[in-house]
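One structure below.
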Amino acid sequence: MKKILNGELTNESSLKAVPLTIDFFKQPTLDLAKSLLGCLLVKETDEGVTSGFIIETEAYTGPEDQAAHSYNNRRTARTEIMFAEPGHIYTYVMHTHCLVNIVSGPKDKPEAVLIRAIEPFSGIELMKKRRGITDLKNLTNGPGKLTKAMGISMADYGRSVCEPPLYICTGIQPAGISQGKRIGIDNSGEARDYPWRFWETDNPFVSRHRKRI
DNA sequence: TGGATGATGGCCT
DNA sequence: GGCCATCATCCAA
């Protein structure tokens, strides 16, 4: 609809996106959270391929961030992958929904970027079928919604985000980037007010629930 | 082994 | 804006 990319992506029927390489994910977590805006998230399954532009992220900056699962170097079966090299996929379940993060920071520094919303690009009918709705605006405008729409699950935990079935490709630069407080972390002391949520300014697919600026 | 706890979403008023 | 379904995960015991 809105975006024509790089000469690589043209339209829904000719999606030939090339995954970003590992070096892209080695930048500092706050930078990565911003750099990921506009990139294309792609998931391949037996049912088909779905993709969308990342338009909202949150940074979780490791042991010093009280809102992070890895706060104080808390190391459990769930957070183990956060201690690995950047570019791994960290999925976890909360309230019956699966949320997807990209591990960042150097090995043994447990940081991650949460993908909170995407703008649907390809496989839209499949995403509607999985979500059981037809309204495009509500298809992927939340961290639990987008994983259900794209078929992202705990089966993706620990995978590399540089190769199928779940990977990220170059997209286009967002027209503008807005920044604000992270969502749903009110029980995190001072960290609740850190402005580490980023989104593409005015993009209609940004999550609206529990809005905080 | 069980109780507490959510980086949510959907429905209600 | 408020309420709550629902379950993987963690940790105390």
Side-chain angles (χ1 to χ4, degrees), chain A residues 29-30 32-34 36-37 41 52 54-84 86 88-105 109-120 127-159 161 166 168 178-200 204-213:
Chain A
T29 297
L30 291 173
L32 181 63
K34 284 177 273 193
L36 281 170
L37 296 176
L41 180 67
I54 297 169
I55 55 92
E56 181 180 352
T57 61
E58 282 179 0
Y60 287 86
T61 65
E64 303 83 15
D65 180 359
Q66 197 168 163
H69 294 156
S70 55
Y71 176 57
N72 206 19
N73 278 315
R74 177 184 164 101
R75 193 162 188 158
T76 66
R78 180 174 74 158
T79 64
E80 183 62 33
I81 197 63
M82 293 183 74
F83 291 81
H88 284 85
I89 295 165
Y90 170 37
T91 47
Y92 74 94
V93 175
M94 77 96 57
H95 286 98
T96 73
H97 303 284
C98 182
L99 276 59
V100 62
N101 299 249
I102 310 304
V103 173
S104 62
K109 187 88 192 302
E111 307 191 335
V113 176
L114 170 68
I115 299 176
R116 285 196 57 88
I118 65 165
E119 175 179 335
M127 290 197 281
K128 287 180 176 177
K129 177 184 163 193
R130 284 172 173 151
R131 291 270 290 118
I133 62 171
T134 57
D135 178 21
L136 188 65
K137 298 253 306 194
N138 287 316
L139 201 53
T140 57
N141 61 339
K145 297 178 186 179
L146 75 91
T147 55
K148 184 171 183 182
M150 300 186 76
I152 296 170
S153 72
M154 288 306 294
D156 294 301
Y157 182 96
R159 282 176 170 159
V161 76
L166 178 56
I168 294 175
S178 296
Q179 180 170 4
K181 297 176 183 179
R182 295 174 293 181
I183 292 177
I185 56 160
D186 288 349
N187 202 3
S188 301
E190 283 186 7
R192 59 175 282 168
D193 293 325
Y194 295 169
W196 290 347
R197 173 186 176 221
F198 305 95
W199 65 95
E200 180 180 17
F205 294 92
V206 167
S207 67
R208 300 277 176 194
H209 199 51
R210 301 185 185 90
K211 185 175 181 179
R212 299 176 70 200
I213 303 289

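All values derive from a computational prediction rather than experimental measurement. Naming convention: chains lettered A, B, ... in sequence-line order (proteins, then strands); numbering from 1 in each chain.
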Using whole Å, report how far [atom1] of [X] lies from [atom2] of [N].
X: A/Y90; N: B/dA7; atom1: OH; atom2: P; answer: 9 Å
X: A/D186; N: B/dT8; atom1: CG; atom2: C1'; answer: 13 Å
X: A/K181; N: B/dA7; atom1: NZ; atom2: P; answer: 18 Å
X: A/L99; N: B/dG9; atom1: CG; atom2: C1'; answer: 11 Å
X: A/N72; N: C/dC10; atom1: CG; atom2: P; answer: 16 Å
X: A/L139; N: B/dG9; atom1: CG; atom2: C1'; answer: 14 Å

For [N], take OP1 and OP2 only and decide whether either is under 4.0 Å from a side-chain N or O of [X].
X: A/T76; N: C/dC10; answer: yes
X: A/R74; N: C/dC11; answer: yes
X: A/N187; N: B/dG6; answer: yes
X: A/R182; N: B/dT8; answer: no
X: A/H69; N: B/dA7; answer: yes
X: A/R197; N: B/dA7; answer: no
X: A/K148; N: B/dG9; answer: no

> Does A/M82 or A/I133 map to a spot on DNA chain B nearer the 5' end, using the closest nucleotide for each?
Replying inline: A/M82
Taking only the side-chain heavy atoms of [X] (C-beta and beyond), determine which of [options] contains the nearest atom.
X: A/Y60; options: B/dT8, B/dA7, C/dT6; value: B/dA7
X: A/A77; options: B/dA7, B/dG9, C/dC10; value: C/dC10
X: A/N101; options: B/dA7, C/dC11, C/dC7; value: B/dA7
X: A/R78; options: C/dC7, C/dC10, B/dG9; value: C/dC10

>> Main chain of A/T29, side chain of A/S104: is a donor-acceptor contact present, judged purely on distance under 3.5 Å?
In response: no
> Donor-acceptor pair, A/N101 side chain versus A/Y90 backbone, under 3.5 Å?
Replying inline: yes
>> Partner lookup for B/dA7, please. Criteria are Watson-Crick or G-U wobble with both distances under 3.5 angstrom; report none if nothing qualifies.
In response: none
> Which base sits across from C/dT6 as a Watson-Crick or G-U pair, both distances under 3.5 Å?
Replying inline: none
> Do A/L146 and A/V100 come close enough that some side-chain heavy atom pair is under 4.5 Å?
Replying inline: yes
>> With heavy-atom distances below 4.5 Å as the criterion, would you say the side chains of A/E80 and A/R75 are in contact?
In response: yes
> Does a side chain donor of either A/N141 or A/K137 reach within less than 3.5 Å of an acceptor in the other side chain?
Replying inline: no
> Starting at the 5' end of DNA chain C and moving along, which residue's nearest nucleotide shows up first, A/H95 or A/M154?
Replying inline: A/H95
